[in-house]
Participant: 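Questions regarding the structure given below will be posed in turn.
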Amino acid sequence: MEMEVLRPAGSEQAPPEAGEPSGAGEPKPAPWWKKADLRRKLAIGAVAAWAVAITAVVLLRDGDDPGAPAALPAASPSASDAPLTVPQLYQALRPSVVLIKATGSGAGADTGTGVVANADGTILTAFHVVEGAKAITVAYADGTESPAEIVTSSAAQDIATLKPGKLPETLVPAVLGGGAAIGDDVVAIGNPLGLTATTTSGVVSGLERTLSRDRGGDIAGLIQFDAAVNPGSSGGPLLNDRGQVIGIVVALANPTDAGTFIGIGFAVPIGAALGAGEGDGQNPPL
């Protein structure tokens with residue numbers, strides 16, 4: 001079977017009072033252990049509120065320089081503790097998915113997909129989407145567009161990272177990490193045939209697959225899945241049901257020359273895409 005690289009066409013009760021009526025009219029002082037318990041509860045509440053406050057990872061433009069990002073927050077997003085539905089996954093990841101337009105002589109693709117992979121705005125995509133491009137433009141979910149340039153690339157893994165020149169007012173990095181097991185539910189989000197933010201679901205069909213290519217050598221260790229992808233989906237995220245990006249979509253298999261999906265898609269595992277082992281659910285530097 002010929003393996004074809006994707007090519008696009010586009011409550012808790014209130015704490016006890018400090019004293020309780022003694023029956024003689026004057027409140028007795030609260031025992032020392034009740035005071036300690038109250039202090040402990042207040043401390044826990046404060047820590048919880050602080051944790052919630054730093055959970056969001058957001059980049060805002062600097063007030064003095066509209067083009068400069070503010071200082072990056074230290075917190076990173078985290079995966080969901082419980083399985084998410086497909087609509088929930090779409091809502092959570094849509095702001096992290098971008099449309100990539102590659103133009104110029106030698107451009108590997110007209111359109112493709114990418115995912116915001118770090119709080120500095122780094123975008124992870126498939127190398128063949130931007131290979132040979134003279135100009136690259138990324139379009140965010142909020143409509144913001146920006147030129148971008150290739151920062152790193154691996155033709156062997158078909159993975160590249162992009163640095164955009166401009167960031168949207170609110171930047172939402174995806175959560176990277178997590179492994180895959182055969183039968184796991186997965187969701188793919190991308191821009192097949194230019195249809196932006198197309199969302200499909202399926203399962204992991206196989207692991208450790210090898211993709212044979214006409215040039216660039218084979219790619220081993222791929223995730224096989226059956227969520228529908230088509231030209232333009234390349235570079236998009238493959239998600240597990242906890243909202244983690246477990247792979248980057250790079251190819252589909254088709255025994256004909258049609259280049260359309262027949263139920264077999266491939267993704268580079270996120271660990272391999274980052275040049276490391278299996279991801280840990282965080283956002284490592286890219």
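Bear in mind that the values here come from a model prediction, so they are computed numbers and not experimental data. All heavy atoms count here, side chains included; hydrogens, waters and symmetry mates do not. Residues take their numbers from the sequence shown, with the count starting at 1.
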Participant: Answer whether the closest heavy-atom distance between the side chains of L167 and Y140 falls below 4.5 Å.
Facilitator: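 Of all side-chain heavy-atom pairs linking Y140 with L167, at least one is under 4.5 Å.
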
Participant: With rounding to the nearest 0.5 angstrom, report the OG to CD1 distance, S205 to I264.
Facilitator: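 Those atoms lie 8.0 Å apart.
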
Participant: Return the minimal non-hydrogen interatomic distance between S234 and H128, and the atom names on each side.
Facilitator: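 Closest approach of S234 to H128: OG-NE2, 2.9 Å.
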
Participant: With a 3.5 Å distance limit and no angle check, can you tell me whether N230 reaches the backbone of F261 through a side-chain donor-acceptor pair?
Facilitator: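 The answer is yes, because a donor-acceptor pair under 3.5 Å joins these two groups.
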
Participant: Go through the steps for L239 and Q244 under the test side chain to side chain contact (heavy atoms under 4.5 Å, CB included), then give the verdict.
Facilitator: CA-CA 5 Å; L239 314 169; Q244 296 173 301; over 6 Å; no

Participant: Do the non-hydrogen side-chain atoms of T113 and L99 ever get within less than 4.5 Å of each other?
Facilitator: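 The answer is no; the side chains never approach within 4.5 Å.
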
Participant: Given D142 and T170, is the side chain to side chain contact (heavy atoms under 4.5 Å, CB included) satisfied, shown in steps?
Facilitator: CA-CA 9 Å; D142 68 353; T170 301; over 6 Å; no

Participant: Tell me, do Q157 and V250 make a side-chain contact under 4.5 Å, heavy atoms counted?
Facilitator: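 No, side chains not in contact.
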
Participant: Counting C-beta onward and ignoring hydrogens, is there a side-chain heavy-atom pair between V245 and V175 closer than 4.5 Å?
Facilitator: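 They are not in contact (no side-chain heavy atoms under 4.5 Å apart), so the answer is no.
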
Participant: Minimum heavy-atom separation for S96 to V172, with atom names?
Facilitator: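 Heavy atoms of S96 and V172 come nearest at OG-O, 2.6 Å.
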
Participant: Picking from T200, V249, D184, what satisfies side-chain contact (heavy atoms from CB on, under 4.5 Å) with F225?
Facilitator: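 That would be V249; it is the only one of T200, V249, D184 passing the side-chain contact (heavy atoms from CB on, under 4.5 Å) with F225.
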
Participant: Would you kindly confirm whether F127 and I136 end up in one hydrophobic cluster when ILVMFWY residues are joined by side chain heavy atoms under 4.5 Å apart?
Facilitator: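 Shared cluster, no.
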
Participant: Decide side chain to side chain contact (heavy atoms under 4.5 Å, CB included) for L274 and L176; before the verdict, give the C-alpha distance in whole Å, the side-chain angles of both, and the deciding distance to 0.1 Å.
Facilitator: CA-CA 10 Å; L274 297 175; L176 310 182; 4.1 Å; yes

Participant: Does the side chain to side chain contact (heavy atoms under 4.5 Å, CB included) test come out yes or no for L207 and I182, once each step is laid out?
Facilitator: CA-CA 7 Å; L207 298 171; I182 295 175; 4.1 Å; yes

Participant: Identify whether V98 and I150 are in the same connected component of the hydrophobic contact network (ILVMFWY, side-chain heavy atoms under 4.5 Å).
Facilitator: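 Yes, because V98 and I150 connect within a single hydrophobic cluster, where side-chain heavy atoms sit under 4.5 Å apart.
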
Participant: Just so I know, are the side chains of L222 and T210 near enough to count as touching, which here means a heavy-atom distance under 4.5 Å?
Facilitator: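 Not in contact.
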
Participant: Would you name the heavy atoms of A197 and N191 that are closest together and state the gap between them?
Facilitator: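 That closest heavy-atom pairing would be N-OD1, 3.0 Å.
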
Participant: What closest approach, in Å, do G165 and S146 show between heavy atoms, and which atom pair accounts for it?
Facilitator: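 Scanning both residues, the minimum pair turns out to be N-OG, 3.1 Å.
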
Participant: What I'd like to find out is whether the side chain of V186 reaches to under 4.5 Å of the side chain of I246, using heavy atoms alone.
Facilitator: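 Yes. Closest side-chain heavy atoms under 4.5 Å.
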
Participant: Can you tell me how far CZ of R209 sits from CD of Q224, rounded to the nearest 0.5 angstrom?
Facilitator: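 Those atoms lie 4.5 Å apart.
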
Participant: With a 4.0 Å cut-off, would you call K166 and E145 a salt bridge?
Facilitator: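 No, this pair does not count.
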
Participant: Just by modelled atom types, is the T85 backbone N or O under 3.5 Å from a matching donor or acceptor in the Q88 side chain?
Facilitator: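 A pair under 3.5 Å: yes.
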
Participant: Between the side chain of N118 and the main-chain N/O of T122, is any donor-acceptor distance below 3.5 Å?
Facilitator: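 Checked: no pair found.
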
Participant: Could you check whether any side-chain N or O of D218 sits under 3.5 Å from a backbone N or O of A220, counting only pairs where one atom can act as donor and the other as acceptor?
Facilitator: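 Absent.
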
Participant: Given P231, which partner from the list D110, L193, T111 fulfils the side-chain contact (heavy atoms from CB on, under 4.5 Å) test?
Facilitator: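 The single option meeting the side-chain contact (heavy atoms from CB on, under 4.5 Å) with P231 is L193.
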
Participant: Applying side chain to side chain donor-acceptor pair (under 3.5 Å), run through T152 and T161 and close with a yes or a no.
Facilitator: CA-CA 5 Å; T152 64; T161 61; 2.5 Å; yes

Participant: Rounded at 0.5 Å granularity, tell me how far CG in N240 sits from CD1 in I270.
Facilitator: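 Answer rounded to 0.5 Å: 11.0 Å.
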
Participant: Please list, chain by chain and in numerical order, all residues satisfying side-chain contact (heavy atoms from CB on, under 4.5 Å) with T199, sequence neighbours excluded.
Facilitator: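 Testing T199 for side-chain contact (heavy atoms from CB on, under 4.5 Å), a comparison that skips the adjacent residues, returns V86, Y90, V187, I189.
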
Participant: Which heavy atom of L162 sits nearest to which heavy atom of A148, and what is that distance?
Facilitator: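 Shortest heavy-atom contact: CB-CB, 4.4 Å.
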
Participant: A188 and L238: which non-hydrogen atoms are nearest, and at how many Å?
Facilitator: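 So the two residues come closest at CB-CD1, 4.3 Å.
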
Participant: Below 4.5 Å, heavy atoms only, C-beta onward: do I223 and V204 meet side chain to side chain?
Facilitator: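 Sidechains of V204 and I223: in contact.
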
Participant: Backbone N or O of D241 within a donor-acceptor pair of the D185 side chain at under 3.5 Å?
Facilitator: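 Looks like no, no N/O pair under 3.5 Å.
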
Participant: Under 4.5 Å between any side-chain heavy atoms of V138 and I123, yes or no?
Facilitator: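 V138 reaches I123 side chain to side chain.
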
